[in-house]
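For reference, the structure is listed below as structure tokens.
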2 protein chains.
Amino acid sequence: MTTEKLTTKERILTTALHLYNEQGADIVTIRHIAKEINISHGNLQYHYKNTEEIILALFNQLAEAMDKGMAQAENPAIPTFAQFLADTEHMFSILYQYRFIFLHFVAITQRVPEIKKRYNAIESNREHQFIRLFHNYQETGIFRTDIPEEVWIDLVTQIFIVGNFWMPHNEIQLQLKGQKAVRHYVHLVGNMFYPYLTPKGIATVQTS
Amino acid sequence: MTTEKLTTKERILTTALHLYNEQGADIVTIRHIAKEINISHGNLQYHYKNTEEIILALFNQLAEAMDKGMAQAENPAIPTFAQFLADTEHMFSILYQYRFIFLHFVAITQRVPEIKKRYNAIESNREHQFIRLFHNYQETGIFRTDIPEEVWIDLVTQIFIVGNFWMPHNEIQLQLKGQKAVRHYVHLVGNMFYPYLTPKGIATVQTS
DNA sequence: TAAAAAATAGTACATTTGCCCTAATTCTTA
DNA sequence: TAAGAATTAGGGCAAATGTACTATTTTTTA
């Protein structure tokens with residue numbers, strides 16, 4: 001990382017992200033953020049008219065990072081199950097950096113409707129990716145072929161629900177911090193697939 | 001249902017529940033609720049010092065309804081998978097009536113910490129119930145016996161995540177209303193179990 | 001370097017909200 | 001029925017917040 005001076009706009013975003021993650025987007029106001037970086041709230045408002053714009057800018061950062069991660073996971077060198085889990089961990093780590101969004105997901109999407117649209121578009125993409133991946137694993141004999149298509153589709157939905165809401169679940173039930181939380185729920189995702197594996201698939205997973 | 005006059009306390013709770021579900025607990029204030037039922041906010045405050053007390057009272061209603069539902073599901077006449085899904089539907093319907101809690105679950109538990117404690121206690125109970133249920137189904141040959149214990153435990157966590165967060169997921173992605181939403185996610189829960197079924201188990205499910 | 005644009009600081013104001021308090025009214029009960 | 005308790009209405013206030021606005025300083029650029 002370079003140590004160039006950050007622009008005010010950049011400092012606003014990093015500080016806002018920090019405060020949002022610490023205290024929640026419902027509590028932190030423009031004045032709080034301004035105070036934290038020692039600028040006037042009038043100045044902050046010059047850069048971002050209101051908190052909605054800041055949240056949207058942060059979401060765009062997240063979406064960009066997710067796009068990169070997805071592109072990377074799209075064509076793995078070796079398409080193993082272990083690789084899939086490593087990619088999932090990478091994705092979950094990115095999501096965790098923006099956890100204030102997912103801890104209050106509905107409130108955020110109500111406050112910034114644009115986010116809902118964008119997120120659903122991303123997820124729709126991701127759904128097709130999963131279906132392709134499953135067929136892939138079926139062809140290589142890792143996943144079972146005696147399961148109705150409908151069940152696979154619902155499996156994708158399950159993954160989405162866990163993917164979007166593991167942070168609230170952790171907040172309420174476990175309170176794990178940082179990578180500990182990430183790894184815990186990635187492990188859970190791994191186990192979600194266990195009963196879908198063939199005997200050969202199970203052998204593959206256990207040796208890796 | 002009797003048509004006796006409701007007490008002010010009761011009217012406050014039903015009106016608050018309605019407003020919370022419609023507009024969200026973050027927006028609705030004591031003054032809003034008072035206005036809706038045409039009493040002064042001073043009067044409302046006489047009955048409930050603040051909104052936290054109202055929310056806690058509503059949660060207690062929910063907890064009571066859930067307890068009853070659980071007791072009913074505990075010892076089913078015929079322990080079939082179809083019965084299990086019917087019980088799940090009943091539970092999900094109850095949860096849906098108090099959807100304002102689950103749409104902003106983290107915010108609610110932060111605002112009324114008592115709710116977090118109570119809910120975790122309930123869920124802990126429910127976890128044991130599930131494990132017993134699974135063993136039961138294994139003994140009757142409906143569920144597979146070649147799956148590690150760890151995977152069953154994580155299955156319970158999955159069910160909890162889906163059980164607690166299907167409403168936010170619906171709000172953001174599908175926007176189904178009422179029983180349509182309930183049935184959709186109960187069906188999803190049903191499919192979650194498919195790969196855990198034995199061939200005999202699959203036959204049992206399909207004929208029902 | 002002078003003018004224009006960008007950035008910054010800070011003021012002002014209307015609204016909302018939680019909270020506290022008092023007065024009036026209605027309902028119980030001894 | 002009269003005293004006491006419960007209930008109801010509504011005012012007052014401080015703190016917080018979003019928003020708009022002005023004035024000043026710094027940076028760009030022609």
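- Distance CG (A:Asn43) to P (D:dT27): 13 Å, rounded to an integer number of Å.
- With ring centers used as reference points, A:Tyr137 lies 6.0 Å or more from A:Phe193.
- Note on ring orientation: taking the six-membered ring where Trp is involved, the planes of B:Phe102 and B:Tyr119 are perpendicular (angle over 60°, cut-offs 30° and 60°).
- Whole-Å rounding puts the B:Ile30 CD1 to D:dT8 C1' distance at 15 Å.
- A donor-acceptor pair shorter than 3.5 Å can be found between the side chains of A:His187 and B:Glu150.
- Contacts of A:Thr8 with the nucleic acid, taken as non-hydrogen atoms under 4.0 Å apart, involve only primed sugar atoms and P, OP1 or OP2.
- Mapping A:His41 and B:Gln45 onto DNA chain D by nearest heavy atom places B:Gln45 closer to the 5' end of the strand.
- The nearest whole Å value for the distance from the CD1 atom in B:Ile33 to the C1' atom in D:dA9 is 17 Å.
- For A:Tyr46 and A:Gly42, each mapped to the nucleotide of DNA chain C holding its nearest heavy atom, the one lying further toward the 5' end belongs to A:Tyr46.
- For the side chain to side chain contact (heavy atoms under 4.5 Å, CB included) with B:Ile12, the lone residue among B:Leu6, B:Leu17, B:Ile37 that qualifies is B:Ile37.
- Taking only side-chain nitrogens and oxygens, A:Lys49 comes nearer than 4.0 Å to OP1 or OP2 of D:dA20.
- Between the C1' atom of D:dT17 and the CD1 atom of A:Ile27 lies a distance of 14 Å, rounded to the nearest Å.
- The nearest whole Å value for the distance from the NZ atom in A:Lys35 to the P atom in C:dA9 is 15 Å.
- Side-chain contact of A:Gln83 with A:Asp87: a donor-acceptor pair under 3.5 Å is present, judged by distance alone.
- Look at CG on A:Asp26: it is 11 Å from P on D:dT17, rounded to the nearest Å.
- The CG atom of B:Leu44 sits 10 Å away from the P atom of D:dA9 (whole-angstrom rounding).
- Checking the phosphate oxygens (OP1, OP2) of C:dA9, a side-chain nitrogen or oxygen of A:Ser40 falls inside 4.0 Å.
- Within 4.0 Å (heavy atoms only), A:His47 reaches sugar-phosphate atoms of the nucleic acid but no base atom.
- Separating the CD1 atom of B:Ile39 from the P atom of D:dG10 is a distance of 11 Å, rounded to the nearest angstrom.
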